[in-house]
Protein chains: 2
Amino acid sequence: MRHRRRTGNEIKAALRDLRIQLALLNHQVGGELALKDVDLDCLDILARDGSLTPSVLARRAGLHPATLTGILDRLEDAGWIARDRARPDRRSVTIRVLPDRGMEVFRLYQPMMSAMDDVLADYTEAELELIATFLRRSAAAGERVLGRSAVES
Amino acid sequence: MRHRRRTGNEIKAALRDLRIQLALLNHQVGGELALKDVDLDCLDILARDGSLTPSVLARRAGLHPATLTGILDRLEDAGWIARDRARPDRRSVTIRVLPDRGMEVFRLYQPMMSAMDDVLADYTEAELELIATFLRRSAAAGERVLGRSAVES
DNA sequence: TCATATAGTATGGATCTCATAAGATATGGA
DNA sequence: TCCATATCTTATGAGATCCATACTATATGA
């Protein structure tokens, strides 16, 4: 059917707009916290995946290991993370996110969270489930695509 | 109802994951095109909003005017944009996105577009409309939130 | 006409990125 | 065990980027 394709394109366009908007929002929040965009991205990945080693985080974030060292130095100095050296492999380091500054971040994202609550209030429970599943599938799709091209290179 | 709140939080979490994934994907695409993340963001904003002046784009992207000059220099040198000086106000410049390199970008985003098509194939037309509306509302919410805090500062 | 405001860009110092190298540790075979 | 090689992280330094400031050109309004 023709409508399906058109709606699909609208979804992709809306997704692009949403990405921009979330990027700008993050940029603004980062500014208040004196964090570069990439610093926030790293913190976000750590929050999602839990403690990682620098090499794994660098690969996952698409950054050069030496670049990540600089980022971790900044994050450590500002009290966002700690570097632990107590693993079976003593070359390795574990990055641990400190809870100390969590409330600051929470406060800065609060306006967007409230705005999202307003959006969500218009939907039924079943519709919310549908949306949640769609978002998870889209994220997983992104992960698959990224994983494939990472393997090739 | 308790379920609503939980599902809402799941949506927010999924949105966070999706944001990360799209950021990483953009970072990867940018790498192939020798573009910084912020360069791609600017191109994306221009694609969304049409031709803009440097000052407007700088404000919209949350960047210092001098920073944007550097970005525009890069984009111009690489053949992404042109700077036009033909407006009523002769101090002003209009940034125009050139179509020349559009196909390159299209090709690089193609894998993600295909992956999204696979995701979308599981939904009915009505469900797709629901999702599209949700995404548009979320983007609009982000815009409102950002607009408010921009006014304050 | 001219004082002031605005758009965009040049300048230069601080900061960031990353290729390379170095140091520390691990691993596997002789 | 000993050692060659690989791996993890970080130091170093050159080049790129960011941005406060200053500057030029143009506009606006008294």
Side-chain angles (χ1 to χ4, degrees), chain A residues 23-24 26-43 45-46 49 51-78 80-96 150 153, chain B residues 23-24 26-43 45-46 49 51-78 80-96 150 153:
Chain A
L24 295 179
N26 258 34
H27 181 71
Q28 208 246 359
V29 167
E32 308 244 3
L33 297 169
L35 288 175
K36 307 280 159 198
D37 289 1
V38 70
D39 299 359
L40 254 182
D41 284 345
C42 287
L43 281 177
I45 293 175
L46 287 168
D49 298 351
S51 286
L52 299 174
T53 67
S55 47
V56 172
L57 178 54
R59 201 172 323 122
R60 216 161 282 189
L63 297 168
H64 192 283
T67 304
L68 196 69
T69 296
I71 294 171
L72 294 180
D73 287 348
R74 286 201 296 274
L75 292 176
E76 194 174 30
D77 289 347
W80 291 100
I81 61 159
R83 288 195 251 215
D84 296 337
R85 210 149 201 156
R87 319 186 82 218
D89 186 338
R90 296 192 31 226
R91 291 166 303 181
S92 187
V93 165
T94 301
I95 309 163
R96 182 164 41 89
S153 64
Chain B
L24 295 180
N26 259 34
H27 181 73
Q28 209 245 358
V29 167
E32 308 244 2
L33 297 168
L35 288 175
K36 307 281 159 198
D37 289 0
V38 69
D39 299 0
L40 253 182
D41 285 345
C42 287
L43 282 178
I45 293 174
L46 286 167
D49 298 351
S51 286
L52 299 174
T53 66
S55 47
V56 172
L57 178 54
R59 201 171 324 120
R60 215 161 282 191
L63 297 167
H64 192 284
T67 303
L68 195 69
T69 296
I71 294 171
L72 295 180
D73 287 348
R74 286 201 297 272
L75 291 176
E76 194 173 31
D77 289 347
W80 291 100
I81 61 159
R83 287 193 253 215
D84 296 336
R85 207 146 203 159
R87 320 186 80 217
D89 185 338
R90 293 190 36 225
R91 290 167 303 181
S92 187
V93 165
T94 300
I95 309 162
R96 181 164 40 87
S153 63

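Side chains are part of it too, since the values below use all heavy atoms of this structure and drop only hydrogens, waters and symmetry mates. All of these numbers come straight from a predicted model, not from anything done at the bench. Letters A, B, ... mirror the listed sequences (proteins, then strands); counts begin at 1.
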Should B/L52 and B/R59 be marked as a side-chain contact (heavy atoms from CB on, under 4.5 Å) after you check the CA-CA gap, both sets of side-chain angles, and the distance that decides it? CA-CA 11 Å; B/L52 299 174; B/R59 201 171 324 120; over 6 Å; no
Derivation of the side-chain contact (heavy atoms from CB on, under 4.5 Å) call for B/L43 and B/L35: CA-CA 10 Å; B/L43 282 178; B/L35 288 175; 4.0 Å; yes
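For the OP1/OP2 pair of D/dA25 and a distance below 4.0 Å, the side-chain nitrogens and oxygens of B/R85 include no atom meeting the criterion. The side chain of B/T53 places no N or O atom within less than 4.0 Å of a non-bridging phosphate oxygen (OP1 or OP2) of C/dA7. Contact annotation: A/R90 does not reach the phosphate of C/dA24 (side-chain N/O to OP1 or OP2, under 4.0 Å). Close to C/dT9, at under 4.0 Å from its OP1 or OP2, lies a side-chain N or O of B/R83. The phosphate of D/dT9 (OP1 or OP2) has a side-chain N or O of A/S92 nearer than 4.0 angstrom.
For B/R59 and C/dA7, the CZ to C1' distance is 11 Å, given to the nearest whole Å. Nucleotide C/dC16 holds its P atom 14 Å from the CG atom of A/L63, rounded to whole Å. Atom CG of A/D84 and atom C1' of D/dC8 are 16 Å apart (whole Å). The CG atom of A/L57 sits 10 Å away from the P atom of D/dT9 (whole-angstrom rounding). Between A/I95 atom CD1 and D/dT9 atom P there is a gap of 8 Å when expressed in whole angstrom units. The interatomic distance linking A/H27 (NE2) with D/dT17 (C1') rounds to 13 Å, in whole Å. The CD1 atom of A/I71 sits 9 Å away from the C1' atom of C/dT17 (whole-angstrom rounding). Put simply, NE2 on B/H64 is 11 Å from C1' on D/dA22, counting in whole angstrom units.
The C1' atoms of five pairs define one axis at each end of the helix from C/dT1-D/dA30 to C/dA30-D/dT1, and these two axes lie 10° apart (to 10°).
Along DNA chain C, the nucleotide nearest to B/V56 and the one nearest to A/D39 differ in position, and the one closer to the 5' end is contacted by B/V56. DNA chain D is contacted by both A/K36 and A/T94; A/T94 maps to the nucleotide lying nearer its 5′ end (nearest heavy atom per residue).
The side chain of A/R74 has C/dT17 as its nearest neighbour among C/dT9, C/dT17, D/dT9. Side-chain proximity of A/D89 to the nucleotides C/dA7, C/dA26, D/dA11 is greatest for C/dA26.
The two residues A/R60 and B/L24 come nearest to each other via the heavy atoms O-CD1, 3.5 Å. Between A/G62 and B/H27, the shortest heavy-atom distance links the atoms O-NE2, 2.9 Å.
Looking at B/D39 and B/W80, their side chains never come closer than 4.5 Å, going by heavy atoms from C-beta outward. In this structure the side chain of B/C42 reaches within 4.5 angstrom of the side chain of B/L68, judged on heavy atoms.
Here B/T67 lies in heavy-atom contact (under 4.0 Å) with a base. As judged by a 4.0 angstrom heavy-atom cut-off over every strand, A/P54 is placed among residues touching the sugar-phosphate backbone only. Using a 4.0 Å heavy-atom cutoff across all strands shown, A/T69 reaches at least one base atom of the nucleic acid.
Counting distance only, with no hydrogens placed and no angle test, the side-chain atoms of A/R91 and the base atoms of D/dT9 include no donor-acceptor pair under 3.5 Å.
Distance check, rounded to the nearest 0.5 Å: CD1 of A/I71 to CG of A/L40 gives 11.0 Å. Here the CZ atom belonging to B/R85 is positioned 10.5 Å from the CZ atom belonging to B/R91, to the nearest 0.5 angstrom.
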